[in-house]
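Single-structure report; data block below.
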Amino acid sequence: MSEGQRDSTSETIEKKSLRPALIVSERIIYDYSILLKYLLVGLADESIPVALVCRPGCAVDSVVSPAVEVVRHPVFDLPLMGRQNRKILVGRLCKFRPTILHCLCESKATLTKQLAQQLDLPYVLTVNSLQKRWGRLSISSKHCAKIVVPAKSVAANFAKVYPRFAERVEQINIGTFVEETSHCFREPGRLASMVTAHPLDNVDDFESLFGAVRHLAIDGYEFMLVAIGGGRAERQLRRLLAALGLLQIVIIVPRLTARRSILAAGDIFIQPQPRIAFDPLLLEAMSIGSAVAGCKGGVDDLIVDGKTGVRFNPNNELSIYNSLRVFFDRPEFARQLAQGAQQYLRENHSVSKMIADNLRVYRKSQDWLKR
């Protein structure tokens, strides 16, 4: 056998020895669909068998290929059936023969820890949000090989809250495909459009933004604003829009609406409040070439002021107004920022690197437990 054949055989054996089981929540399937879809496609391209553990009723058809084995849990969604459901899940996973578990949602950390202990497997825990000192995550020091985070701010926060796991933290940027052209103000004469996405749970979260929008309209700027979201305060927000005379300018669309098509129609994307979790919609908006105006604070790593977007002070109507007005007054500047954001994503958020980094972490984690 030639050296090249031996290398090829070794690579094939290594690939066959990797069999990840991904454990996700409904929130991950919806909010982080681009991460999940690209990860599954990348693993399939490497001929790596994958199992996906999710709740019954989760719509996974848009992100899962036929090659992925979908394992539903719990089978019996009833009180006092936790132990029986976990026993069934362990049995299903034993048939799949995973070599590593990957928990993609903090809400599944306890379940993943229990499975790793029962199956004696290493696992990777993805943490997408800033952690607080109360409500701490359940993490196994013996089985949790790596903590994967999508941003430096999340990494620093996690290391501060969980110092004993700080050395296991690894940043893997969420990858996306960047469009060749920018959507920002690309058609002169077309009505300008802005898009924002935020839960409609608190009227206070929108008062400053809607106040800034009202002043832009009073000043004679012509545009429309699409707000993606749903929540308990939606009726109050609609009353606020009516009181401000903005019902003909601001349109509220539900979260289930095709988000990327709405983002693609926007010249400007607005992040109105600090986010405690990495915002995949912001990533998508930047990838299609929208100019970004975002709030300072939280997980705001993607917004590099003056390079990938502009930042305003939270709950400050004047700050929001000035940030948005710059885009309308200087559309070429807005396009430059949008294109700068796209280039930033090409350099730092490629799908191929995300896949390669995850594969490297999986293999290192398997070796880690063997030591």
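Counting begins at 1 with the first residue of the sequence.
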Non-hydrogen side-chain atoms of [X] and [Y] separated by less than 4.5 Å:
X: Asn128; Y: Ile28; result: yes
X: Cys54; Y: Ile29; result: yes
X: Tyr221; Y: Val213; result: no
X: His143; Y: Leu101; result: no
X: Leu216; Y: Ile218; result: no
X: Leu52; Y: Leu36; result: yes
X: Leu89; Y: Lys87; result: no
X: Asp31; Y: Leu281; result: no

Practice problem: Show the numbers, then the answer: is there a side-chain contact (heavy atoms from CB on, under 4.5 Å) between Ile303 and Leu282? | Solution: CA-CA 9 Å; Ile303 306 174; Leu282 174 60; 4.0 Å; yes
Exercise. I would like to know whether Asp357 and Arg360 meet salt bridge (Lys or Arg N to Asp or Glu O under 4.0 Å); could you show each step before the answer?
Key: CA-CA 5 Å; Asp357 286 347; Arg360 175 177 50 79; 3.3 Å; yes
If you measure from the Lys or Arg side-chain nitrogens to the Asp or Glu carboxylate oxygens, is any gap between [X] and [Y] under 4.0 Å?
X: Arg232; Y: Asp201; answer: yes
X: Glu347; Y: Lys307; answer: no
X: Asp77; Y: Arg55; answer: yes

Straight-line distance of [X] [atom1] to [Y] [atom2], nearest 0.5 Å:
X: Leu39; Y: Leu22; atom1: CG; atom2: CG; result: 5.5 Å
X: Asp300; Y: Gln271; atom1: CG; atom2: CD; result: 7.5 Å
X: Ile320; Y: Arg311; atom1: CD1; atom2: CZ; result: 14.0 Å
X: Gln114; Y: Gln117; atom1: CD; atom2: CD; result: 7.5 Å
X: Cys184; Y: Phe333; atom1: SG; atom2: CZ; result: 10.5 Å
X: Gln131; Y: Ile276; atom1: CD; atom2: CD1; result: 8.5 Å

Looking only at side chains, do [X] and [Y] share a donor and an acceptor under 3.5 Å apart?
X: Tyr321; Y: Asp219; result: yes
X: Lys113; Y: Ser138; result: yes
X: Glu284; Y: Thr176; result: no

Please answer: with hydrophobic residues joined when any side-chain heavy atoms are less than 4.5 Å apart, are [X] and [Y] in the same cluster?
X: Val90; Y: Met81; answer: no
X: Ile262; Y: Phe185; answer: no
X: Tyr344; Y: Val351; answer: yes
X: Leu125; Y: Val50; answer: yes
X: Leu104; Y: Phe165; answer: yes

Quiz item: Is there a donor-acceptor pair closer than 3.5 Å between any side-chain N or O of Glu106 and the backbone N or O of Val127?
Solution: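 Here the side-chain-to-backbone pair does not exist.
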Of all heavy-atom pairs between [X] and [Y], which one has the smallest distance, and what is that distance?
X: Ser33; Y: Arg259; value: OG-NH2, 3.5 Å
X: Asn85; Y: Phe76; value: ND2-O, 2.6 Å
X: Ala293; Y: Leu324; value: CB-CD2, 4.0 Å
X: Leu244; Y: Gly211; value: CD1-N, 4.5 Å
X: Ser25; Y: Cys105; value: OG-SG, 3.1 Å
X: Gly266; Y: Val195; value: CA-CG2, 4.0 Å

Partner of [X] under side chain to side chain contact (heavy atoms under 4.5 Å, CB included), chosen from [options]:
X: Leu302; options: Leu283, Ile174, Thr308; answer: Leu283
X: Gln366; options: Leu121, Val361, Thr99; answer: Thr99
X: Asp267; options: Ser290, Pro331, Ser193; answer: Ser193

Hey, is [atom1] on [X] packed in by over 12 heavy atoms from elsewhere, all under 6.0 Å?
X: Arg190; atom1: CZ; answer: yes
X: Glu234; atom1: CD; answer: yes
X: Arg186; atom1: CZ; answer: yes

Self-check item: Asn315 vs Ser208, side chain to side chain donor-acceptor pair (under 3.5 Å): CA-CA, chis, key distance, verdict
Solution: CA-CA 5 Å; Asn315 301 316; Ser208 296; 4.5 Å; no
Exercise. Could you pull out all residues at least two apart from Cys295 that satisfy side-chain contact (heavy atoms from CB on, under 4.5 Å)?
Key: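 With sequence neighbours excluded, Cys295 shows a side-chain contact (heavy atoms from CB on, under 4.5 Å) to Pro274, Phe312, Pro314, given in chain and number order.
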Practice problem: Please list, chain by chain and in numerical order, all residues satisfying side-chain hydrogen bond (donor to acceptor under 3.5 Å, both in side chains) with Asn157, sequence neighbours excluded. | Solution: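 Here no residue qualifies.
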Quiz prompt | For Lys146, all residues meeting side-chain hydrogen bond (donor to acceptor under 3.5 Å, both in side chains), sequence neighbours excluded | solution =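 Per chain and number, Lys146 pairs via side-chain hydrogen bond (donor to acceptor under 3.5 Å, both in side chains) with Glu170.
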Is the centre of the [X] ring less than 6.0 Å from the centre of the [Y] ring?
X: His198; Y: Phe206; value: yes
X: Phe177; Y: Tyr38; value: yes
X: Phe328; Y: Phe223; value: yes

Quiz item: Step by step, would you call Ser287 with Gln342 a side chain to side chain donor-acceptor pair (under 3.5 Å)?
Solution: CA-CA 6 Å; Ser287 74; Gln342 288 179 306; over 6 Å; no
Quiz item: Are Arg19 and Phe96 in a cation-pi setup, meaning NZ or CZ lies under 6.0 angstrom from the ring centre and within 45 degrees of the ring axis?
Solution: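 Arg19 over Phe96 ring: yes.
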Exercise. Find out whether the Lys NZ or Arg CZ of Arg27 is both under 6.0 angstrom from the six-membered ring centre of Tyr32 and within 45° of the ring's axis.
Key: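 Not flagged: Arg27 not positioned over aromatic ring of Tyr32.
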Self-check item: Derivation and outcome, side chain to side chain donor-acceptor pair (under 3.5 Å), residues Arg239 and Gln236
Solution: CA-CA 5 Å; Arg239 287 197 292 267; Gln236 291 174 274; 5.4 Å; no
Exercise. In sequence, state the C-alpha distance, the side-chain angles, and the governing distance for His102 and Tyr123, and then conclude on ring pair (Phe, Tyr, Trp, His ring centres under 6.0 Å).
Key: CA-CA 6 Å; His102 185 177; Tyr123 73 95; 9.8 Å; no
Practice problem: I would like to know whether Arg260 and Glu179 meet salt bridge (Lys or Arg N to Asp or Glu O under 4.0 Å); could you show each step before the answer? | Solution: CA-CA 12 Å; Arg260 190 169 179 89; Glu179 296 195 9; 3.6 Å; yes
